[in-house]
There are 2 protein chains.
Amino acid sequence: MADTLANPKPETDRRTRILDAAEALFSHKGYDAVSLREIARLADVDVALASYHFGRKRELFDAVFLRRAEVLNRMRLDALDRAEAASAPEPAPVEAVIQAYLRPLLTGDHLAEEGWRNYYALVAYVNNSSDLGGELMSQFFDPMVERFMAALKAALPDARPEALYWGYHCLSGALTLAFAQTGRIDRLSRGLCRSEDLEGAYAHIHAFAVGGFERACGSRS
Amino acid sequence: MADTLANPKPETDRRTRILDAAEALFSHKGYDAVSLREIARLADVDVALASYHFGRKRELFDAVFLRRAEVLNRMRLDALDRAEAASAPEPAPVEAVIQAYLRPLLTGDHLAEEGWRNYYALVAYVNNSSDLGGELMSQFFDPMVERFMAALKAALPDARPEALYWGYHCLSGALTLAFAQTGRIDRLSRGLCRSEDLEGAYAHIHAFAVGGFERACGSRS
DNA sequence: GTCTATACGGCGATAGAC
DNA sequence: GTCTATCGCCGTATAGAC
């Protein structure tokens with residue numbers, strides 16, 4: 001269609017600049033503390049351009065939230081596929097399922113990018129928001145989560161279904177609190193643990209969740 | 001001092017009405033989405049009265065946060081005292097420590113009160129807020145938490161200290177996500193679990209946390 | 001002390017002109 | 001696609017009534 005390829009660096013799309021600016025601001029200050037003017041200023045575009053591209057403020061927020069959610073879902077589902085393939089025809093063990101859920105997010109090169117750090121803080125904010133949390137998280141993540149629930153059920157066949165759902169709830173809460181990187185664990189541990197160190201947190205959260213699922217969901221392994 | 005006792009119901013203090021209104025609004029909409037005018041309207045007082053009693057908006061927020069934090073801290077510390085007394089001279093086992101942390105909050109008559117429900121949602125919001133979370137939670141809860149960390153350390157003497165702090169992080173994340181009552185688990189479980197059912201959640205979160213600490217913190221029990 | 005009425009400077013969201 | 005104008009609400013300060 002377009003022959004705009006002539007321009008080697010298509011000038012970092014103004015639309016993308018708006019998304020980036022919105023992501024950075026929303027993640028640090030939450031939804032309501034951020035204004036469209038502020039986003040426009042940071043993106044170096046006119047105020048009204050955000051509305052032109054995305055509609056209302058809330059729709060811009062959703063667009064920000066969606067953009068990287070799709071990437072995360074793919075990373076996790078790929079990891080789950082690999083874990084299931086590795087143990088086939090047996091179901092993947094609970095350690096491997098939880099690893100597939102956590103590891104693609106808590107380790108890897110993308111952690112160095114500020115955009116991803118920002119996005120994680122945004123997910124933390126949304127997940128624990130009593131008015132946005134249920135709706136947005138379900139909308140963007142639950143199809144992926146349902147595959148993990150099935151894998152957990154296969155790994156823990158003796159579990160009562162409620163225990164599996166509450167187990168996922170605990171895992172989700174632990175992970176997203178880490179995403180918030182509030183610095184609280186730094187203070188509590190007097191510097192021994194650092195909330196910026198998501199890679200270091202991975203092993204701890206993984207071990208905790210495995211132990212939690214095994215105890216709460218009645219593994220007889 | 002005062003002989004205002006003559007009035008049987010001292011008309012529900014305007015100051016308290018402001019706190020109640022602020023709590024209800026902050027907990028449902030977060031900090032920035034709420035205006036002082038809205039709070040005053042709900043409390044049926046003049047706008048300026050909030051400033052008169054509490055100063056800046058942020059100071060009102062802190063007052064709301066503090067009011068019930070003190071009650072929670074006392075409930076938990078009393079429960080921990082009882083658990084330690086019950087197992088003396090041995091240290092309280094990890095099950096009992098986690099029970100003392102969770103049970104006073106997740107069970108009891110106060111759960112029927114809307115004010116407490118609102119407050120829990122507020123704690124969920126604050127704990128996962130990347131800018132308020134570290135500061136506010138540490139300020140109001142960490143002295144209490146440090147006694148629990150000591151009890152956990154005594155119960156799990158083989159644990160590495162980092163593992164204990166990350167274990168607490170996981171427990172805190174799981175609990176505060178439950179506080180948010182987002183309705184997400186209802187959707188994910190297709191009605192099998194209900195996020196309003198904090199009493200029902202208690203046993204699941206307790207079991208998960210005990211298993212998590214035992215695995216991640218190397219109990220050899 | 002406790003409370004009300006009002007005023008001020010500022011900014012965000014949106015509609016409509018260009 | 002871009003910008004300008006408008007409108008209403010925001011947090012806060014203050015002067016003074018009870």
Side-chain angles (χ1 to χ4, degrees), chain A residues 1-7 9-65 122 125 131-132, chain B residues 1-7 9-65 67 122 125-126 129 131-132 136:
Chain A
M1 321 232 147
D3 54 336
T4 52
L5 297 175
N7 190 341
K9 180 196 168 201
E11 78 147 348
T12 322
D13 202 346
R14 284 149 101 98
R15 194 174 184 281
T16 305
R17 290 216 311 272
I18 293 171
L19 279 176
D20 290 339
E23 181 176 75
L25 291 168
F26 283 141
S27 66
H28 283 116
K29 318 212 282 179
Y31 178 73
D32 295 286
V34 175
S35 72
L36 290 177
R37 286 179 134 88
E38 202 178 354
I39 293 168
R41 221 176 292 136
L42 184 60
D44 197 31
V45 301
D46 188 88
V47 202
L49 192 61
S51 306
Y52 171 73
H53 279 301
F54 299 98
R56 337 263 292 189
K57 181 182 178 188
R58 173 56 196 270
E59 294 173 290
L60 170 58
F61 185 83
D62 287 358
V64 167
F65 200 73
L122 188 65
Y125 167 79
D131 62 336
L132 296 175
Chain B
M1 315 232 152
D3 54 336
T4 51
L5 296 175
N7 191 340
K9 181 195 166 200
E11 77 144 349
T12 321
D13 203 344
R14 287 150 99 98
R15 200 187 129 96
T16 305
R17 290 217 309 272
I18 293 171
L19 280 176
D20 290 340
E23 182 176 76
L25 290 168
F26 283 141
S27 66
H28 283 116
K29 318 211 284 181
Y31 178 75
D32 295 286
V34 176
S35 71
L36 291 176
R37 293 176 143 84
E38 200 178 355
I39 293 168
R41 221 176 295 136
L42 184 60
D44 196 30
V45 300
D46 189 87
V47 202
L49 193 61
S51 306
Y52 169 73
H53 279 299
F54 299 99
R56 338 262 292 189
K57 181 183 178 185
R58 173 56 196 269
E59 293 173 290
L60 170 59
F61 185 83
D62 287 358
V64 167
F65 200 73
R67 180 171 59 156
L122 189 64
Y125 167 79
V126 169
S129 155
D131 62 336
L132 296 175
L136 269 185

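Proteins get letters first, then strands, A, B, ... in listed order; numbering begins at 1 in each. Worth saying up front: this structure is predicted, and the values here are computed from it rather than measured.
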Visitor: Does K29(A) count as lying over the ring of Y125(A), i.e. NZ or CZ under 6.0 Å from the six-ring centre, within 45 degrees of the axis?
Guide: no
Visitor: Take the protein atom CZ of F54(B) and the nucleotide atom P of dG11(D), then report the distance between them rounded to whole Å.
Guide: 16 Å
Visitor: Counting only heavy atoms from other residues, nucleotides and ligands, does the tally under 6.0 Å from CZ of R56(A) exceed 12?
Guide: no
Visitor: Counting primed atoms plus P, OP1 and OP2 as sugar-phosphate and everything else as base, spell out the protein contacts along nucleotides 12-18 of chain D at 4.0 Å heavy-atom distance: B, S or - for each nucleotide, 5' to 3'.
Guide: SBB----
Visitor: Which whole-number value in Å describes the distance from R41(B) CZ to dG8(D) P?
Guide: 15 Å
Visitor: Expressed as a whole number of angstroms, how long is the span from D13(B):CG to dG1(C):P?
Guide: 17 Å
Visitor: Quick one: Y31(B) OH to dC10(D) P, roughly how many Å, whole number?
Guide: 13 Å
Visitor: Please state whether the phosphate of dC10(D), meaning OP1 or OP2, lies under 4.0 angstrom from any side-chain nitrogen or oxygen of S35(B).
Guide: yes
Visitor: Can we say D62(B) and R67(B) salt-bridge, meaning some charged N sits less than 4.0 Å from an Asp/Glu carboxylate O?
Guide: no
Visitor: Once rounded to the nearest 0.5 Å, what's the spacing between atom CG of L60(B) and atom CD of E23(B)?
Guide: 10.5 Å
Visitor: Is it true that D13(A) and R17(A) make a salt bridge, defined as a side-chain N closer than 4.0 Å to a carboxylate O?
Guide: no
Visitor: In whole angstrom, give the distance that lies between atom CG of D32(B) and atom P of dA13(C).
Guide: 12 Å
Visitor: Before giving the answer on side-chain contact (heavy atoms from CB on, under 4.5 Å), spell out for H28(A) and D131(B) the whole-Å C-alpha distance, their side-chain angles and the decisive distance to 0.1 Å.
Guide: CA-CA 7 Å; H28(A) 283 116; D131(B) 62 336; over 6 Å; no
Visitor: Using Watson-Crick pairs (N1 to N3, plus N6-O4 or O6-N4) and G-U wobble pairs, both distances under 3.5 Å, which stems of at least 3 pairs involve DNA chain D?
Guide: C:1-18 with D:1-18
Visitor: Could you tell me the separation between the CD atom of E38(A) and the P atom of dG10(C), rounded to a whole number of Å?
Guide: 17 Å
Visitor: Using whole Å, report how far CG of L49(A) lies from C1' of dA15(C).
Guide: 16 Å
Visitor: Hey, could you give me the CG/OH distance between D32(A) and Y31(B), rounded to the nearest 0.5 Å?
Guide: 12.5 Å
Visitor: Once you round to the nearest 0.5 Å, how far does OG of S51(A) lie from CD of E59(A)?
Guide: 10.0 Å
Visitor: dC3(C) phosphate, OP1 or OP2: any side-chain N/O from R14(B) under 4.0 angstrom?
Guide: yes
Visitor: About how many Å separate CD1 of I39(A) and CZ of F61(A), when rounded to the nearest 0.5 Å?
Guide: 10.0 Å
Visitor: So, is H53(B) near the phosphate of dC3(C), with a side-chain N or O under 4.0 Å from OP1 or OP2?
Guide: yes
Visitor: What is the separation between atom OH on Y52(B) and atom C1' on dA5(C), rounded to the nearest whole Å?
Guide: 16 Å
